[in-house]
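Input: a single structure, listed below in C-alpha cells.
Source: prediction; values computed, not measured. This chain uses plain numbering: 1 for the first residue, then up along the sequence. Both backbone and side-chain heavy atoms feed into the values below; hydrogens, waters and symmetry mates do not.
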Amino acid sequence: VELRGLDGPLSYLTVDDELPETPRRGRVWASPFVGRLDEQNRIREFVDPTTTGESCVMIVQGEPGIGKSRLVHESLGGAANLPKRNLLSVCSVYEQSDEMRAVRPFLSLNGSVISTDPRARLRQLRADLVMLGLDPETHLPLLAPLLGLDPSTGYDPPASDISRIRDLTVESVRAWLGAAAAPGGVLVQIDDLQWADDASRTLILGLAARPIDGVRVLATTRPDPRTSTGGRVEVIDLLPLGATHSLELAAHAVPGIGRDALDHVLARGHGVPLFLEELAGMGEVAEVPPDMRARLS
C-alpha cells in the first residue's frame, strides 16, 4: 500500500488464522538424556500424588540450554505415579502483554481448545464447567475472557465492579483447578515461567502460599528473582553437566568425532547440553588442526 510521507510502498501482513495452542505444538529431542539422576528422583517424588510434602510448587531453574525442559520431560516420562490430569502451559515472550495468557491452556479438560470458532469455544467452556460441577452462570463470564471470548459470543458480562474482576477471576481459576483435581490430582506444568505475564505468575506462585488440595505446580524458568517466594517453593538449581556426561553427549552428537575436536567442544561447551550438541555438530570443528588449536587455546 502507498502511504503519505513514505518514498515507497509499505508491505503488510493479514492474519489468516491462529496457531494451535502451545501445549499441542510438541517438542522432540534426538540426543540421549544423560545424568541428572538425583534431579529426576526429586521431580518424580514431588509429582507422585501418593506422597506428601511441605511444598506444592517446584521450580526447575537454570541458564538457557542447560536442559530444564528436557529434564522435566524425562522425569515425567519415567514416573511411576502421576496426577490424573496434566495441564501444560508454554509461556512465550510474545504473549507477556496479554493478562492471564499463561493460564489460558488450563481452561480445558483435555488440555487444548477444540475449535478456533469463538462460539464453539464458549460451548466447550460451558460444558467443561458443568462436568466439573461448577456453576456456569458464575464462572463463565469470568473465565471466557481468558480464552479471548467477549460477551458478543453469547454470555452476559460480570455484574461486579470492575475493580473486583481480577480478584474474582483468580478465585474462579482456583475453583477450576480444585474441581479438576478432585478425581485424582492435577499437575500444573509451566514451561519458561520467566516469560509469563505478571497476573499469571502471581496466580501460579500464589499456590505456594494458598495451596489447593490435589494441585501441584512444576515450572521451569531461567534464574529470576521474581520466582523467590520463600521456603514453600522447592527449587532445583540445574548445574552444568560433569566431564563424563559432557563427553557422552558430545560423542553421540557426532559419532567418530576426532579427539582434538572433542577436546575443543568440551572446552567451549562448559557442560551446557545445548552448546555441547551444537558445537559438536558444527562442521568447522569436526577436526581442529593442531596449529590452529594452539592459537585458539
Short N-O contact, [X] and [Y], less than 4.0 angstrom:
{"X": "Glu63", "Y": "Lys68", "answer": "no"}
{"X": "Glu171", "Y": "Arg164", "answer": "no"}
{"X": "Arg36", "Y": "Glu74", "answer": "no"}

Keeping the roles fixed (side chain from [X], backbone from [Y]), state whether a donor-acceptor pair exists under 3.5 Å.
{"X": "Tyr155", "Y": "Leu149", "value": "yes"}
{"X": "Glu234", "Y": "Ser55", "value": "no"}
{"X": "Arg42", "Y": "Val235", "value": "yes"}
{"X": "Arg201", "Y": "Leu193", "value": "yes"}
{"X": "Thr221", "Y": "Asp192", "value": "no"}
{"X": "Thr51", "Y": "Glu45", "value": "yes"}
{"X": "Ser172", "Y": "Leu143", "value": "no"}
{"X": "Arg44", "Y": "Ser75", "value": "yes"}

Is the closest side-chain heavy-atom distance between [X] and [Y] below 4.5 Å?
{"X": "Arg232", "Y": "Pro211", "answer": "yes"}
{"X": "Ile190", "Y": "Phe106", "answer": "yes"}
{"X": "Asp197", "Y": "Asp98", "answer": "no"}
{"X": "Thr153", "Y": "Arg121", "answer": "no"}
{"X": "His270", "Y": "Pro240", "answer": "no"}
{"X": "Asp191", "Y": "Val72", "answer": "no"}
{"X": "Cys56", "Y": "Val215", "answer": "no"}
{"X": "Leu142", "Y": "Pro158", "answer": "yes"}

If I take atom [atom1] from residue [X] and atom [atom2] from residue [Y], how far apart are they, to the nearest 0.5 angstrom?
{"X": "Leu239", "Y": "Ile66", "atom1": "CG", "atom2": "CD1", "result": "7.5 Å"}
{"X": "Leu134", "Y": "His139", "atom1": "CG", "atom2": "NE2", "result": "4.5 Å"}
{"X": "Gln61", "Y": "Thr220", "atom1": "CD", "atom2": "OG1", "result": "10.5 Å"}
{"X": "Leu125", "Y": "Trp176", "atom1": "CG", "atom2": "CH2", "result": "5.5 Å"}
{"X": "Leu241", "Y": "Leu249", "atom1": "CG", "atom2": "CG", "result": "6.5 Å"}
{"X": "Ile43", "Y": "His73", "atom1": "CD1", "atom2": "NE2", "result": "12.5 Å"}

- Spell out, yes or no, whether Ile204 and Leu147 are grouped together once hydrophobic residues are joined by side-chain heavy atoms under 4.5 Å, including indirect joins. yes
- Verify the cluster assignment for Val130 and Leu132: are they in a single hydrophobic cluster under the rule of side-chain heavy atoms below 4.5 Å apart? no
Considering all heavy atoms of both residues, which atom of [X] and which atom of [Y] are nearest to each other, and what is their separation?
{"X": "Arg222", "Y": "Pro64", "result": "NE-CG, 3.5 Å"}
{"X": "Cys91", "Y": "Ala196", "result": "SG-CB, 3.8 Å"}
{"X": "Pro141", "Y": "Pro157", "result": "CB-C, 4.3 Å"}
{"X": "Ala199", "Y": "Glu99", "result": "CB-CG, 3.4 Å"}
{"X": "Gln40", "Y": "Gly35", "result": "NE2-O, 3.5 Å"}
{"X": "Arg101", "Y": "Ser200", "result": "N-OG, 3.5 Å"}

- In chain order, what residues pass the side-chain contact (heavy atoms from CB on, under 4.5 Å) check against Leu203, with sequence neighbours excluded?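 Here the qualifying residues are Met100, Val170, Val173.
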- Message: side-chain contact (heavy atoms from CB on, under 4.5 Å) for Thr169 and Val103? Distances and angles first, verdict last.
- Response: CA-CA 11 Å; Thr169 300; Val103 174; over 6 Å; no
- Item | Side chains of Gln124 and Asp128, donor plus acceptor under 3.5 Å |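 Result is yes, a qualifying pair exists.
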- Item | side-chain contact (heavy atoms from CB on, under 4.5 Å) between Ile59 and Leu205, intermediate numbers included | CA-CA 10 Å; Ile59 303 291; Leu205 295 179; 4.1 Å; yes
- In the hydrophobic clustering that connects Ile, Leu, Val, Met, Phe, Trp and Tyr at side-chain heavy-atom distances below 4.5 Å, which members other than Tyr12 occupy its cluster, ordered by chain and number? Val1, Leu3, Leu6, Leu10
- Message: Other residues, nucleotides and ligands only: do more than 12 of their heavy atoms fall within 6.0 Å of CG on Asp135?
- Response: yes
- List the steps, then state whether side-chain contact (heavy atoms from CB on, under 4.5 Å) holds for Leu122 with Leu140. CA-CA 8 Å; Leu122 190 70; Leu140 192 141; 3.5 Å; yes
